[in-house]
Amino acid sequence: MMLPAALLLLGGLTAVVAPRLLARADWADREPVLALWVWQCVVAAVLVCCALSMTLSAAVAWQAVRGHVFAPAPHAVVEAYTLGTAAGPWAATTAVALACGGVWSAAMLVREVVRARARRRLRRAELLVRAPLLPGEEPGGGLVVLEGERPDAWWLPGAAPRLVVTTAALSRLKGRQLNALVAHEEGHAQARHDWLLHCSAALAGGFPQVPVFAAFRDEMHRLVELAADDMASRRFGRLTTALALVELNEDRGVFGPCPTPQAQVPQRVHRLLAPADRLTTARRLRLTAAAALVPVVPVVVAFVPGLRALG
């Protein structure tokens with residue numbers, strides 16, 4: 001029973017230490033795509049720790065599970081993991097609790113996806129009312145222009161993804177600014193940022209008392225915008241992208257002293273206008289490889305007793 005407890009301890013330590021290290025890192029805003037990858041690896045490591053602890057606890061508690069998990073393993077390896085029967089009740093309790101957590105996580109993800117699809121269907125129905133198809137026009141066009149006094153634009157994902165732009169946005173954005181806006185929304189679509197937001201929202205909503213999941217959700221919302229900004233700025237320039245952000249959000253009060261839900265927009269504009277130097281290629285590769293090893297650590301820990309038993 002020591003190994004499942006060690007894995008849970010490792011998962012808890014990762015959940016506490018990793019977000020603090022990422023919050024202190026000075027490169028996350030400079031490399032948002034890399035920061036997204038690191039956050040995903042950290043959360044994956046926490047989930048792998050829980051999954052391995054559940055599996056090994058179930059193997060300790062129930063002979064049927066043990067037979068499936070260690071079917072091809074030598075007897076010495078099986079004995080190295082079971083550690084007797086005294087821990088049976090605790091192992092069963094741990095396995096059931098972690099299994100319930102896994103089922104709850106899956107249910108929260110399904111709920112988040114269902115809600116997102118319902119919101120998309122509602123928005124598509126509103127689009128048909130506000131922008132009906134013209135005679136002979138095929139449904140599923142990539143661009144929809146809506147009459148509106150407020151400048152706005154958003155990407156509507158789905159089987160037939162569409163970019164929605166209001167007439168106020170078209171009148172404010174000129175030339176390359178409009179192209180930068182389109183590139184920003186295309187960046188979200190190409191990177192499938194909607195799935196990152198679904199998963200982070202599901203974990204944060206299912207386990208609101210776990211700080212790492214709440215931080216994961218908040219950072220995903222922030223970093224996906226920075227990554228899309230970078231994609232647009234690489235194609236049309238930082239100044240053009242920053243001006244497009246200002247034109248879209250100037251009337252929303254985001255540049256005033258009072259905080260708003262779009263309070264990160266001024267920071268995004270400042271980041272585009274005064275960019276910090278990117279990390280070197282070698283350092284980006286090192287951070288990418290180091291992050292990829294984080295979910296591997298609990299797997300290695302889980303194999304230690306078996307490797308010792310094999311000598």
Side-chain angles (χ1 to χ4, degrees), residues 25-40 120 123 127 140-146 148 150-198 200 219-252 254-255 262-285 287-288 291:
D26 60 352
W27 51 264
D29 286 357
R30 289 185 282 167
E31 302 291 346
V33 175
L34 178 57
L36 285 169
W37 167 250
V38 174
W39 268 104
Q40 291 175 74
R120 286 203 299 266
R123 279 197 162 187
L127 287 180
L143 177 65
V144 178
V145 178
L146 291 181
R150 183 176 182 178
D152 203 357
W154 65 90
W155 186 267
L156 193 60
R162 311 179 83 175
L163 176 62
V164 184
V165 184
T166 62
T167 53
L170 291 179
S171 64
R172 278 179 173 266
L173 302 178
K174 307 298 181 184
R176 290 172 61 85
Q177 294 178 11
L178 181 60
N179 294 335
L181 169 66
V182 174
H184 175 98
E185 298 300 333
E186 286 179 347
H188 286 312
Q190 292 174 9
R192 301 306 301 269
H193 287 159
D194 54 324
W195 276 104
L196 274 178
L197 299 180
H198 291 335
S200 61
E219 284 298 291
M220 290 303 99
H221 280 277
R222 188 179 70 89
L223 292 172
V224 297
E225 295 299 333
L226 300 185
D229 287 344
D230 285 349
M231 181 169 290
S233 65
R234 281 194 292 269
R235 294 177 59 184
F236 300 102
R238 290 183 172 273
L239 178 60
T240 301
T241 306
L243 290 175
L245 278 174
V246 172
E247 292 292 343
L248 276 180
N249 296 280
E250 189 176 13
D251 295 338
R252 301 181 183 181
V254 299
F255 298 100
Q262 292 84 21
Q264 61 175 327
V265 174
Q267 286 78 18
R268 290 167 57 191
V269 173
H270 181 268
R271 174 178 174 272
L272 288 168
L273 295 178
D277 294 334
R278 295 192 63 187
L279 301 181
T280 62
T281 302
R283 189 177 178 190
R284 292 201 301 270
L285 290 175
L287 286 172
T288 301

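Under the 3.5 Å distance criterion, the side-chain polar atoms of Trp37 are matched with a main-chain donor or acceptor of Thr288. At least one donor-acceptor pair under 3.5 Å links the side chain of Ser200 to the backbone N or O of Leu197.
Applying the side-chain contact (heavy atoms from CB on, under 4.5 Å) rule to His270 yields the partners Ala274; only residues at least two apart in sequence or on another chain are considered. Partners of Ala282 according to the side-chain contact (heavy atoms from CB on, under 4.5 Å) rule, which considers only residues two or more places apart in sequence or in another chain, are Thr280, Arg286. In terms of the side chain to side chain donor-acceptor pair (under 3.5 Å) criterion, Gln40 has no residue partners (sequence neighbours excluded). The ring-ring contact (aromatic ring centres under 6.0 Å, His included) test applied to Trp154 returns no partner, not counting sequence neighbours. With sequence neighbours left out, Glu186 forms a side chain to side chain donor-acceptor pair (under 3.5 Å) with Arg235. Qualifying side-chain contact (heavy atoms from CB on, under 4.5 Å) partners for Val165, counting only residues two or more places apart in sequence or in other chains: Leu143, Ala153, Leu163, Ala169, Leu170. Taking Arg192 as the reference, nothing meets the side chain to side chain donor-acceptor pair (under 3.5 Å) condition, with sequence neighbours excluded. Listed by chain and number, the residues in a side chain to side chain donor-acceptor pair (under 3.5 Å) with Asp152 are Arg252 (sequence neighbours excluded). Residues forming a ring-ring contact (aromatic ring centres under 6.0 Å, His included) with His188 (at least two apart in sequence, or on another chain): His184, His193. Every residue two or more places apart in sequence or in another chain that forms a side-chain contact (heavy atoms from CB on, under 4.5 Å) with Arg30 is listed here: Asp26, Trp27, Ala276, Leu279.
Contacts classified as salt bridge (Lys or Arg N to Asp or Glu O under 4.0 Å) and involving residues 167-182 (residues at least two apart or in different chains) are given here: Arg172-Glu247, Arg172-Glu250, Arg172-Asp251. Pairs of residues two or more places apart, or lying in two chains, never qualify as ring-ring contact (aromatic ring centres under 6.0 Å, His included) while including a residue from residues 227-250.
The existence of a salt bridge linking Arg271 and Asp230 is confirmed by a sub-4.0 Å separation between a basic side-chain nitrogen and an acidic carboxylate oxygen.
Remark: Leu245 CG to Leu181 CG distance equals 8.5 Å, nearest 0.5 Å. Once rounded to the nearest 0.5 Å, the distance linking OG1 of Thr240 with CG of Leu178 reads 12.0 Å.
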| task | Before giving the answer on salt bridge (Lys or Arg N to Asp or Glu O under 4.0 Å), spell out for Arg238 and Asp229 the whole-Å C-alpha distance, their side-chain angles and the decisive distance to 0.1 Å. | result | CA-CA 8 Å; Arg238 290 183 172 273; Asp229 287 344; over 6 Å; no

